[in-house]
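Below, chains carry the letters A, B, ... as their sequence lines are ordered, and counting in each starts from 1. Just so it is clear, the model here is predicted, and its values are computed rather than measured.
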There are 4 protein chains.
Amino acid sequence: MSKKNKPTNQKVMSFIEKARRAQIVECAIETIAEVGYAQASLGQIAKRAKISKGVISYHFANKEELMEQIPIEYYKAWHTYIFPRIEAQKSPKEMLRVYIESNLTFIDQNRQHVFAVIEMVSNTRTADGKLQFAAELDEAILLPIENILTLGMQEGVFREFTKSSARVMALTIRSAVDGFTLELTRKPHLDVQEYTRELVTIFDKSTKK
Amino acid sequence: MSKKNKPTNQKVMSFIEKARRAQIVECAIETIAEVGYAQASLGQIAKRAKISKGVISYHFANKEELMEQIPIEYYKAWHTYIFPRIEAQKSPKEMLRVYIESNLTFIDQNRQHVFAVIEMVSNTRTADGKLQFAAELDEAILLPIENILTLGMQEGVFREFTKSSARVMALTIRSAVDGFTLELTRKPHLDVQEYTRELVTIFDKSTKK
Amino acid sequence: MSKKNKPTNQKVMSFIEKARRAQIVECAIETIAEVGYAQASLGQIAKRAKISKGVISYHFANKEELMEQIPIEYYKAWHTYIFPRIEAQKSPKEMLRVYIESNLTFIDQNRQHVFAVIEMVSNTRTADGKLQFAAELDEAILLPIENILTLGMQEGVFREFTKSSARVMALTIRSAVDGFTLELTRKPHLDVQEYTRELVTIFDKSTKK
Amino acid sequence: MSKKNKPTNQKVMSFIEKARRAQIVECAIETIAEVGYAQASLGQIAKRAKISKGVISYHFANKEELMEQIPIEYYKAWHTYIFPRIEAQKSPKEMLRVYIESNLTFIDQNRQHVFAVIEMVSNTRTADGKLQFAAELDEAILLPIENILTLGMQEGVFREFTKSSARVMALTIRSAVDGFTLELTRKPHLDVQEYTRELVTIFDKSTKK
DNA sequence: TATGAATGAGCCTTCATTCAT
DNA sequence: AATGAATGAAGGCTCATTCAT
């Protein structure tokens with residue numbers, strides 16, 4: 001994944017160490033959100049964190065390791081927020097509604113972080129030029145949607161989906177959520193509730209029997 | 001838009017000059033598509049084009065002017081491809097189908113260019129950190145969808161749309177198309193026809209009365 | 001003066017920082033003195049200082065900030081050297097003699113620095129092509145001469161001077177000093193004492209009643 | 001003088017060739033006068049001359065050869081203007097007055113050319129970093145003054161001068177003339193006649209017995 | 001003779017990274 | 001655990017020069 005092998009000896013981190021890393025990651029997120037990935041140099045990040053550049057290098061093996069934390073942290077927070085809400089629902093139709101609602105709410109409440117992740121995903125590459133997080137992260141994000149669709153189909157409340165048509169449906173829902181993010185970036189005063197209602201309607205209709 | 005005023009005196013370009021510029025733009029597209037926007041330095045582009053770095057500076061005032069050509073050319077080609085096909089349709093429903101079909105076909109046939117534009121859109125910023133093309137380009141792309149939706153509503157074949165719900169619908173369709181692009185990048189052997197059919201189905205259902 | 005606003009927040013510099021900057025400025029002076037302003041690239045300066053190019057950028061915001069130090073330091077040193085000597089004199093005639101003597105001595109003892117400043121003055125331009133230091137620095141240098149002339153006239157030991165004829169006289173004295181500098185550059189083994197005596201004689205005669 | 005040996009086979013130049021070279025030199029003078037030596041690239045000069053950059057390279061072996069013409073042409077014109085006027089005088093005192101007067105007039109009437117020469121003299125270096133024209137040109141310019149001084153001394157109208165005190169006197173006069181040039185650059189609306197009168201007075205007094 | 005095109009060296013600057021303290 | 005200092009590679013750009021046409 002990275003040029004340098006990640007150290008297998010996952011050092012046990014002290015509490016302070018963890019806190020310091022978290023603080024730096026936080027600053028990295030803010031920086032990316034404000035000036036964009038390309039301008040988010042270690043210098044910029046350090047300045048915002050009011051620490052010296054060296055500190056970052058001290059706590060992270062390299063820039064890459066720091067940047068990796070951003071989607072990791074994001075995914076953790078996202079997972080924690082989304083899943084309990086979905087699992088609290090009984091019907092697939094409700095699950096889908098809640099998936100859309102909770103995603104949009106989560107994005108609305110974590111704008112900086114979301115934006116930083118988007119910046120990263122579209123910028124970070126492996127040595128051979130492939131997009132970095134695309135594959136793995138996306139599967140993790142698509143799977144729950146596909147599961148809901150499958151469940152709904154089995155229960156007879158959704159229309160028929162083949163494996164691949166379920167994937168297209170899942171990708172479209174996912175894209176709609178990402179599209180909302182971009183629109184929110186462009187129009188920060190967007191009426192989130194209305195947008196949510198519309199998306200729910202759209203995907204309610206398009207999954208109905 | 002740029003710090004340096006764009007020269008209004010569009011110099012008359014010789015045929016050769018035009019061809020050379022086009023060739024360099026082509027190489028820039030390839031380079032961005034392969035290594036990403038951030039890594040697409042003039043050096044990289046020149047290497048791919050097997051010319052010296054200076055040649056690029058000779059034909060373009062600066063990197064910005066070169067990069068600007070990419071979405072400009074893209075939008076021209078897109079417009080030329082999409083619109084006649086839509087206008088050949090009689091019903092809004094057909095128009096929407098053809099919008100989706102022709103977009104996916106166009107993307108499939110211009111993968112590199114599309115990808116390069118996506119990279120650019122998500123990377124290029126103005127001096128104050130705002131995304132560059134977001135606003136203007138997006139309106140140009142969303143408007144035709146909104147027009148189709150409005151038309152379909154007036155003709156009574158689509159459900160009711162308020163101005164803002166039509167916009168959400170349009171954004172969702174647009175997002176679905178962009179989502180296809182990303183998926184195509186990740187899975188180059190994707191069954192494009194099937195994907196197209198599914199998207200048509202999804203948005204047929206979600207716009208229906 | 002410069003495109004980038006000069007930071008008003010004069011950062012408190014550590015002793016080491018000051019010393020390093022001074023050392024780099026010193027090397028810049030040497031470099032300009034040896035190869036001329038046009039050839040005095042950061043690379044050249046760094047090579048002479050046996051440091052990497054980056055170090056200069058680390059200590060100075062940009063080349064301009066480094067170069068600005070040269071006349072600033074020069075003027076400080078010049079002022080410190082010249083003025084006490086003039087003020088120690090009682091008569092305007094002695095003041096004029098000492099002005100010439102101390103200037104020539106100062107130049108003789110700071111050949112490189114003087115030369116570097118001359119190079120800068122005749123090379124540095126503002127964006128609109130005007131010579132940079134010409135105006136401001138020159139007034140600061142001419143004024144003391146004009147004051148001596150005025151004083152001598154009031155005391156009746158110098159001939160009459162109008163405001164503008166005093167200026168021509170001052171300019172001529174200043175030019176003679178600068179001319180000495182150039183001659184010293186061309187003939188490093190010049191007899192400075194004799195040259196001084198002659199200049200004193202010339203301007204003694206030409207100011208006499 | 002130059003890195004590349006000047007071709008010994010001084011090709012006989014056609015009239016047209018001479019005219020073209022003269023035109024280019026003229027443009028080079030204008031360019032230097034307006035934007036300064038450092039900014040006077042072949043591109044700039046070519047643009048002003050409304051010819052292609054290649055033309056310059058075609059007519060001059062390299063930039064250096066072009067630039068060399070500027071002081072050469074200047075010296076020719078200067079010589080042609082100054083000497084007949086001096087030789088028309090009978091007494092050394094008159095000669096000195098006319099030397100100053102005609103120099104200032106010449107400078108006033110050839111501002112651009114004079115300024116371009118100053119820029120060049122202070123910028124052009126040989127490979128070893130020495131100022132280029134300093135030596136040779138200066139002797140040619142100082143000698144006539146020294147001759148006047150010697151003559152005046154022999155005729156008993158000037159005070160005693162040793163060889164080296166005559167040189168200092170000559171240098172001072174020369175410096176005064178150069179100082180006038182700089183002042184003229186800074187204050188284009190200078191009263192040239194008054195300045196001339198003052199200089200004549202100054203050097204009349206300082207050479208008098 | 002003149003041109004447009006191309007080259008390649010050099011410039012200033014930014015930045016991730018290293019290291020002694 | 002943190003810092004300031006230094007490095008060196010790479011970036012975009014300018015420019016004198018070369019060359020085929």
For nucleotides 1-3 of chain E, give me every protein contact, N/O to N/O, under 3.5 Å, one pair per line with atom names.
from  : atom 1 : to      : atom 2 : distance (Å)
E/dA2 : OP1    : D/Arg20 : NE     : 3.0
E/dA2 : OP2    : D/His59 : NE2    : 2.6

For [X] and [N], what is the distance between atoms [atom1] and [atom2] respectively, to the nearest whole Å?
| X | N | atom1 | atom2 | result |
| --- | --- | --- | --- | --- |
| D/Leu66 | F/dT17 | CG | P | 10 Å |
| B/Tyr37 | F/dG11 | OH | C1' | 13 Å |
| D/Glu65 | F/dT17 | CD | P | 11 Å |
| A/Leu42 | E/dT18 | CG | P | 11 Å |
| C/Met67 | E/dC12 | CE | C1' | 11 Å |
| D/Ile45 | F/dT14 | CD1 | P | 17 Å |
| B/Asn62 | E/dC11 | CG | P | 22 Å |
| B/Gln39 | F/dG12 | CD | P | 10 Å |

So if I take every side-chain heavy atom of D/Lys63 and compare against F/dT17, F/dT14, E/dT17, which nucleotide ends up nearest?
F/dT17

Determine yes or no for a side-chain-to-main-chain donor-acceptor pair under 3.5 angstrom, with D/His113 supplying the side chain and D/Ala33 the backbone.
no

Check step by step if side chain to side chain contact (heavy atoms under 4.5 Å, CB included) holds for A/Ile24 and A/Gln69.
CA-CA 10 Å; A/Ile24 293 171; A/Gln69 304 311 308; over 6 Å; no

Going by the side chain to side chain donor-acceptor pair (under 3.5 Å) test, which pairs reach into residues 49-61 of chain C, not counting sequence neighbours?
C/Glu17-C/His59

The test is side chain to side chain contact (heavy atoms under 4.5 Å, CB included); show your working for D/Tyr74 and D/Val114 and say whether it passes.
CA-CA 7 Å; D/Tyr74 177 75; D/Val114 174; 3.6 Å; yes

Residues at least two apart in sequence or cross-chain that pass salt bridge (charged side-chain N to carboxylate O under 4.0 Å, His left out) with C/Glu73, listed by chain then number, are C/Lys76

Using the test side chain to side chain donor-acceptor pair (under 3.5 Å), find all partners of A/Gln112 that sit at least two apart in sequence or belong to another chain.
none

Go ahead and write out DNA chain E as dot-bracket, 5' to 3': ( ) for pairs within the strand, [ ] for ones crossing earlier pairs, | when the partner sits on another strand, dots for unpaired; Watson-Crick or G-U wobble, both distances under 3.5 Å.
.||||||||||||||||||||

Heavy-atom nearest pair, D/Tyr37 first then D/Glu119, reads N-OE1, 2.7 Å

If you look at every strand shown and take non-hydrogen atoms under 4.0 Å, does C/Ser57 touch a base, only sugar-phosphate, or nothing?
base

Identify each donor-acceptor pair in which a side-chain atom of residues 38-47 of chain B lies under 3.5 Å from a protein atom, sequence neighbours left out, and give them as a table.
from    : atom 1 : to      : atom 2 : distance (Å)
B/Ser41 : OG     : B/Gly43 : N      : 3.4
B/Ser41 : OG     : B/Gln44 : N      : 3.1
B/Gln44 : OE1    : B/Arg48 : NH2    : 3.4

Does a side-chain heavy-atom distance below 4.5 Å link D/Val25 with D/Phe60?
yes

